[in-house]
**Student:** 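Sharing a structure below in structure tokens format, with a few things to ask.
Letters go in sequence order (proteins before strands), and every chain restarts at 1.
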Amino acid sequence: MKAVTVTESTRLDPSATPPSELVPMRHSGRALAALVILVAAASLGYSAMTNDNFEWPVVWEYLFHPEIMQGLGTTLILTGVSMTLGIILGIVLAACRMSENRVLSTLSGAYLWFFRGTPLLVQLIFWFNLSALYPRLSLSVPFGGPEIAGAATNGVLNLWAVAIIGLTLNESAYMAEIVRGGLLSVPRHQSEAATALGMNRWLTFHRVILPQALRVIVPPTGNQVIGMLKHSSLVSIIALSDLLYSAQLIYSQNFRTIPLLVVISIWYLVCTTVLSYAQSHIERHYGRGVHVGVQRPGGLAKLRSLGSRLSQRSQSNDNPNPA
Amino acid sequence: MSTATSAPGGTGASTTDPIVRIIDLHKNFGPVEVLKGVDLEVRRGQVVVILGRSGSGKSTMLRCVNHLERPSSGTVIVDGEVIGYRIKGDKLHELPPAAIAKQRTKTGMVFQSYNLFPHMTVMENLIEAPRRVKGVDKATAMEDALQALEEVGMAHKADVYPSTLSGGQQQRVAIARALVMKPSVMLFDEPTSALDPELVGEVLNVMKRLATSGMTMIVVTHEIGFARSVADEVVFMSEGRLVENGPPSQVIDAPVHESTRTFIDSIL
Ligand SMILES: Nc1ncnc2c1ncn2[C@@H]1O[C@H](COP(=O)(O)OP(=O)(O)O)[C@@H](O)[C@H]1O
Ligand SMILES: [Mg+2]
């Protein structure tokens with residue numbers, strides 16, 4: 001066969017040298033899709049900015065309104081407290097679930113089954129109504145431990161307690177599964193190695209197992225925090241004045257529903273953006289040692305990498321047999 | 001009848017007491033008896049190589065020495081201490097986990113899969129146990145660590161994470177990590193079995209130097225060359241029993257038992 005100059009083939013004549021210039025593949029479909037989406041987004045944005053129903057001046061007026069600010073505070077506190085308690089309870093539940101004690105693991109399983117199997121809204125209404133039947137509600141460490149949160153069943157304090165209990169119990173069921181998955185992701189050999197070095201069970205857990213499990217636990221926990229921030233708006237059903245309920249109070253009087261919903265959406269977005277940013281930083285921290293090429297940015301390593309960059313000379317002094 | 005007893009009788013080398021004594025060790029996993037009465041003595045500075053087919057109970061025996069496995073019956077004595085139990089009258093009382101953890105500092109263990117802590121740098125891997133288990137201060141721990149790393153030729157990698165190292169390098173770091181605890185005896189469970197062939201040599205060299213320096217070692221391995229040149233005693237294990245033991249020249253080159261002969265032939 002004769003070599004023809006203009007051919008398109010993956011075959012190469014054995015004696016010929018392949019051309020050296022590389023032409024990357026063009027992704028024309030991607031560019032087109034991006035263009036379509038950009039145009040659509042721009043027109044949507046334009047219509048939102050120009051549509052009078054959005055009443056942008058009202059949005060600016062209420063963005064920093066004291067009641068909205070107070071609602072934002074309530075939402076943040078509710079999220080922070082419920083999430084913290086939910087994580088702690090979730091770790092305890094995960095430990096019970098993984099325990100060799102059959103009673104503990106079964107009870108923990110039943111708990112997860114119930115709280116993950118019924119809607120959060122139903123649970124909140126349930127706790128709200130239950131609080132009317134009991135003179136005092138309290139959430140305490142199991143088996144007669146100290147009370148974590150408690151409240152008399154009248155007054156605003158009661159609303160807070162109902163909201164926190166409802167959100168915490170529900171959240172802990174999800175966190176338990178996340179924590180369990182994280183702990184199971186650490187190879188059994190790791191705890192054996194620590195044990196063989198004389199480390200006791202606590203040291204093994206918190207120095208070797210947990211830091212590795214956190215790499216798996218942190219990303220979904222970040223999602224849970226963001227989810228909690230939004231789910232906490234369900235407490236408006238029991239008239240606790242969170243971000244949503246504060247807006248509802250205002251628009252029930254001035255009927256500016258859309259702009260007020262825009263106001264709180266802006267605040268929800270601000271919060272979730274900040275949280276996502278924090279999450280990515282925490283993830284990077286717990287991912288250390290996993291991605292190849294990661295060096296601890298400590299003094300010695302910094303100096304070394306600087307030195308090697310300056311000298312541009314990579315030498316291998318890997319010597320298994322020193323003199 | 002085929003149960004081998006202690007080191008070859010009357011060799012006159014018993015001037016030093018055994019540092020490891022395994023007496024009538026049994027281990028069951030459920031209904032399966034994996035160790036069926038193992039007796040073994042290792043004297044200070046001795047290198048004992050354990051040979052045997054996969055599944056013959058080598059790992060289980062080694063893991064009973066540092067109580068990673070709890071023996072079903074029998075006794076393990078390391079450096080004069082009964083592992084896992086306290087003698088009270090004529091009974092053995094089980095020790096609490098913290099006391100057993102302390103006993104484990106007498107034994108260093110090297111695993112087939114290295115098992116370095118991936119979230120810690122090489123240096124952090126080495127100073128973790130000395131600092132938190134033995135309470136050594138950081139400066140001293142780092143000095144010891146650097147020395148141990150030099151012994152295995154890995155001092156230049158002190159600041160990297162294990163995932164950036166080759167298997168052979170990781171195993172050398174794992175050896176150094178066990179050494180910084182200054183154990184009385186080192187246990188090796190197939191330390192080169194997970195390595196690419198060209199990396200086996202560097203790990204065996206480190207182990208040879210360690211043997212020369214006088215470290216007491218119990219080594220489970222299939223490296224016959226290593227056994228021949230380094231072992232003071234070779235033990236052949238089959239179906240939970242020690243069937244033959246003696247110097248390498250005997251067990252490897254002139255095995256008495258049929259099962260030993262078949263095994264040696266199969267791996268040579
Ligand atoms: N944790 C365990 N549970 C049940 N069986 C086990 C366990 N560990 C080991 N065994 C069994 O015990 C036998 C001996 O195993 P092992 O000591 O690992 O042998 P070797 O190291 O000589 O290959 C094997 O049959 C293995 O399946
Ligand atoms: Mg084994």
**Student:** Go through the atoms of Gln103(B) and report whether side chain, backbone, both or neither lie under 4.5 Å from a heavy atom of chain A.
**Tutor:** neither

**Student:** How far apart are the closest heavy atoms of Ala158(B) and Leu146(B), and which atoms are they?
**Tutor:** CB-CD1, 4.4 Å

**Student:** So, the side chain of Ser113(B) versus the backbone of Asn115(B): is there a donor-acceptor pair under 3.5 Å, distance only?
**Tutor:** no

**Student:** Answer yes or no: does atom NE2 of His231(A) have more than 12 heavy-atom neighbours from other residues, nucleotides or ligands under 6.0 Å?
**Tutor:** no

**Student:** Quick check on Arg63(B) against chain A: is it the side chain, the backbone, both or neither that has a heavy atom closer than 4.5 Å?
**Tutor:**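 Just its side chain gets close to chain A.
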
**Student:** For Asp144(B), is there an ion pair with Lys134(B) - N to carboxylate O distance below 4.0 angstrom?
**Tutor:** no

**Student:** Pick one of side chain, backbone, both or neither for Phe117(B), based on which atoms fall under 4.5 Å of a heavy atom in chain A.
**Tutor:** both

**Student:** Name the region of Leu116(B), side chain, backbone, both or neither, that has any atom closer than 4.5 Å to a heavy atom of chain A.
**Tutor:** backbone

**Student:** Answer yes or no: is there an ion pair linking Glu202(B) with Arg172(B), defined by an N-O contact shorter than 4.0 Å?
**Tutor:** yes

**Student:** Salt bridge check, Glu94(B) against Arg70(B): does any charged N sit closer than 4.0 Å to a carboxylate O?
**Tutor:** yes

**Student:** Need one label for Leu197(A): side chain, backbone, both or neither, based on atoms under 4.5 Å from any heavy atom in chain B.
**Tutor:** both

**Student:** Could you check which of Pro118(B), Gly168(B), Ala129(B) has the highest count of heavy-atom pairs closer than 4.5 Å to chain A?
**Tutor:** Pro118(B)

**Student:** Taking every heavy-atom pair that is under 4.5 Å apart, which of Met109(B), Glu128(B), Lys102(B) has the most such pairs with chain A?
**Tutor:** Glu128(B)

